[in-house]
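Predicted model, so just to flag it, every value in this text is computed and none were measured. A note on names: the letters A, B, ... follow the listed sequences, proteins ahead of strands, and every chain is numbered from 1.
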Protein chains: 2
Amino acid sequence: MSTVKEVCKLAGVSTATVSRTLKNPERVSEKTRERVFKAMQESGYRPNMLASSVKTGKSNALVVLVPNLTNPFFLKIIQGIEQAAQEKGYSVLLGDTQGEPERENEIASMVLSNRADGLIHLDHSFPFSKSDAHLADRVPVVSVCERIKGDKEFPVIELDNYAATRSLAKHLVNYGHRKFGIIAGQEESRIHHDRLAGIKGVFADEEIPFDDNMIVGGAYSIEVGQEGARELMAKPERPTAIFCFNDDIAIGAIFELKKLGLRVPEDVSVVGFDNIKVTAFMDPPLTTIDQPAHEMGRKAVEVVLQIINNVPLRRNREIFPFNILERESSGPVNPNF
Amino acid sequence: MSTVKEVCKLAGVSTATVSRTLKNPERVSEKTRERVFKAMQESGYRPNMLASSVKTGKSNALVVLVPNLTNPFFLKIIQGIEQAAQEKGYSVLLGDTQGEPERENEIASMVLSNRADGLIHLDHSFPFSKSDAHLADRVPVVSVCERIKGDKEFPVIELDNYAATRSLAKHLVNYGHRKFGIIAGQEESRIHHDRLAGIKGVFADEEIPFDDNMIVGGAYSIEVGQEGARELMAKPERPTAIFCFNDDIAIGAIFELKKLGLRVPEDVSVVGFDNIKVTAFMDPPLTTIDQPAHEMGRKAVEVVLQIINNVPLRRNREIFPFNILERESSGPVNPNF
DNA sequence: AAAAAAACTGCAATCGATTACATTTCAGCA
DNA sequence: TGCTGAAATGTAATCGATTGCAGTTTTTTT
């Protein structure tokens with residue numbers, strides 16, 4: 001690869017002029033500008049971004065921390081992030097944490113070693129190691145969907161999870177359901193808490209008793225959905241409707257219910273959360289909450305860039321609207337069930 | 001962020017010693033080493049990777065070019081890439097090209113501007129722009145799944161697509177099928193060619209006529225699957241079995257067949273390709289080809305690192321084994337159909 | 001105890017850019 | 001023509017590391 005110096009020689013100018021031709025073209029006369037461009041062409045010059053980053057202190061990259069890359073929902077977010085980042089001239093460093101804190105720490109530390117200017121976190125864990133924690137306040141961080149736990153309040157892009165599950169609960173209650181099961185994901189997260197609160201709220205309004213025993217699960221996976229459905233159906237009082245806290249869980253649950261010889265929604269209604277693409281093509285298509293994942297990803301980039309550029313944030317929480325998609329996996333309660 | 005100099009002051013040593021403490025600890029006495037480490041601790045020192053990259057000429061990053069991030073199959077590959085890269089101390093820059101050549105060029109040029117040391121391409125297009133093409137031969141590139149077109153032969157990690165579709169075709173022929181439809185993806189690619197050849201091979205063996213009119217499609221999406229199924233079922237001679245060139249297409253096809261009142265597999269058998277997770281939980285579970293996507297991703301990293309480190313490659317094509325998963329979406333031909 | 005070898009450490013150049021400051025060039029005008 | 005200020009360009013310091021070479025200290029050898 002050729003460097004500025006070769007271009008200098010070819011064009012007969014100084015390094016300063018070459019650099020300016022790219023960064024401040026208006027400060028270079030048209031004649032020399034052309035000469036420099038031609039020289040760049042001839043030498044196949046590419047500015048070394050790392051070198052320029054060293055000097056400017058900006059790497060023009062963002063790290064994205066994902067707990068699990070194979071969840072299609074995250075992908076929609078990441079796609080949004082990727083697009084917005086590209087538009088702003090930033091590149092995206094991908095970090096799949098596999099839920100392991102050490103990996104998380106390692107990836108997060110890329111921001112500390114100047115490899116990236118900011119961090120977008122798709123999980124609720126505090127991503128820095130204890131030893132790095134005190135360095136973390138200078139680091140631009142935003143979280144999407146989840147709120148990061150810990151002392152510091154990081155900006156967050158999220159959905160109104162409370163209202164979303166409220167609307168799902170109302171939808172099911174209107175269909176006459178009174179006996180419910182819940183298959184949840186990780187229980188320590190804020191999301192979990194909010195979603196549960198939404199359901200409880202509606203139950204309180206409708207004077208439906210809430211039974212903690214009907215909450216099962218523990219992770220956002222198809223397998224957990226299967227197991228959860230089996231577990232719920234083995235309870236003395238079987239639910240007629242199941243809340244699944246994401247679509248993967250719902251996929252597993254429906255699969256398992258069918259295997260048990262139950263019909264969805266004639267015997268049991270199932271609702272999901274996230275609206276990953278495939279849910280519209282399932283049999284039956286899944287009633288779920290559509291999250292504007294793409295937009296949320298874009299917003300995350302916008303916000304983290306604001307922090308990077310010291311633009312004051314208008315608010316610390318960006319709440320996105322959801323949309324309940326009433327499809328065929330939910331229906332009227334079956335009185336004979 | 002503190003730099004080497006602060007550490008120097010605190011530890012009372014030179015920059016050289018600080019640098020060596022991290023990169024060549026054995027060349028520093030234990031006493032000073034400890035002193036330096038303590039100083040690093042106190043000052044919260046993080047080496048600036050960019051600076052070190054400028055000097056060493058290695059960015060320790062790889063770019064991955066993906067045509068479409070939302071395809072779960074790519075995700076499995078990317079996950080493999082990510083893991084292997086992390087293990088080797090490399091980070092992964094993600095580039096979603098959306099199939100747009102300009103984006104592709106822009107992302108690929110990150111390797112030229114020293115932002116990354118190598119490129120992993122998940123598509124068949126030549127990723128560099130015409131003006132960069134002559135710079136491209138110095139760049140470490142490997143492709144996964146697809147072969148990159150153009151003069152230069154880049155190393156490739158792939159599946160034996162020919163054999164894979166042969167085995168699918170045999171599977172269906174053994175069930176008595178004689179009338180087939182094909183819903184394909186992009187037709188210019190090598191994959192398409194190989195897969196078609198596999199099917200044709202079996203047809204030739206079995207003396208089944210091959211009808212070009214029964215090939216429909218044009219992209220790897222659910223929607224194309226839907227449309228393709230509709231189209232095939234409107235043909236004068238309806239197929240009793242459909243090859244879908246990936247699982248997304250199969251998902252769309254099955255959905256649409258059901259909508260047309262047809263049963264899978266009783267009326268029409270459907271097979272997919274890739275074995276994305278959800279296919280095992282569909283109704284019916286999809287017969288498909290399992291690709292070791294994760295391993296292929298890992299291999300891609302291994303190969304690209306070999307190129308980067310000037311280790312001669314043992315072969316230019318790494319062919320991975322497939323596995324046919326005979327699930328319930330395929331079955332005996334229905335004589336009354 | 002002196003000489004030779006080995007182990008440490010430091011000085012200063014270097015990587016490839018950017019940029020403050022200095023210098024040169026030139027157009028505009030009296 | 002000569003002067004002034006703006007525009008164009010160059011010089012050299014700088015960003016934060018790495019590293020060849022040289023100098024110093026310690027250890028080993030005889």
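Counting to the nearest Å, the P atom of dA17(C) and the CG atom of Asn60(A) are 15 Å from each other. One atom, CZ of Arg115(A), and another, P of dA17(D), lie 14 Å apart when rounded to the nearest Å. Distance, Arg46(B) CZ to dA17(D) C1': 16 Å, rounded to whole Å. Straight-line distance from the NZ atom of Lys55(B) to the P atom of dA17(D): 14 Å, rounded to whole Å. Between the CG atom of Leu50(B) and the C1' atom of dC15(C) there is a distance of 13 Å, rounded to whole Å. As a whole-Å value, the separation of Lys5(A) NZ from dA13(C) C1' is 11 Å. Nucleotide dG16(C) holds its P atom 17 Å from the CG atom of Asn48(B), rounded to whole Å. Distance CE (Met49(B)) to C1' (dG16(D)): 13 Å, rounded to an integer number of Å.
Other residues, nucleotides and ligands contribute over 12 non-hydrogen atoms within 6.0 Å of the CD atom of Gln98(B). Counting non-hydrogen atoms of neighbouring residues, nucleotides and ligands closer than 6.0 angstrom, the NZ atom of Lys38(A) reaches no more than 12 such neighbours. Under a cut-off of 6.0 angstrom, the local environment of CG in Asp151(B) is sparse, with at most 12 non-hydrogen atoms contributed by other residues, nucleotides or ligands.
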- Apply the test side-chain contact (heavy atoms from CB on, under 4.5 Å) to residues Leu159(B) and Ile319(B): give CA-CA distance (whole Å), side-chain angles for both, the deciding distance (0.1 Å), then the verdict. CA-CA 5 Å; Leu159(B) 200 78; Ile319(B) 300 186; over 6 Å; no
- Item | Worked verdict on Glu106(B) versus Arg103(B) for salt bridge (Lys or Arg N to Asp or Glu O under 4.0 Å) | CA-CA 5 Å; Glu106(B) 204 171 322; Arg103(B) 288 204 173 209; over 6 Å; no
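Taking only side-chain nitrogens and oxygens, Ser14(A) comes nearer than 4.0 Å to OP1 or OP2 of dG10(D). The side chain of Thr17(A) places an N or O atom within less than 4.0 Å of a non-bridging phosphate oxygen (OP1 or OP2) of dG10(D).
Using a 3.5 Å distance cut-off with no hydrogens or angles, the side chains of Ser59(A) and Asp117(A) do pair a donor with an acceptor. No donor-acceptor contact under 3.5 angstrom links the side chains of Gln83(A) and Gln79(A), judged on distance only.
For residues 18-32 of chain A, proximity to DNA chain D is found at Arg20(A), Glu26(A), Arg27(A), Val28(A), Ser29(A), Thr32(A), defined as any non-hydrogen atom under 4.0 angstrom from a strand atom.
With dT19(D), dT18(C), dT11(D) as the choices, the nucleotide that has an atom nearest any side-chain atom of Ser52(A) turns out to be dT18(C). Closest contact between the side chain of Thr56(A) and the listed nucleotides dA17(D), dA17(C), dT18(C) involves dT18(C).
Counting non-hydrogen atoms under 4.0 angstrom, Arg33(A) reaches nothing in the nucleic acid.
Toward the 5' end of DNA chain D, the nearer of the two residues Ala51(B) and Val13(A), judged by each one's closest nucleotide, is Val13(A).
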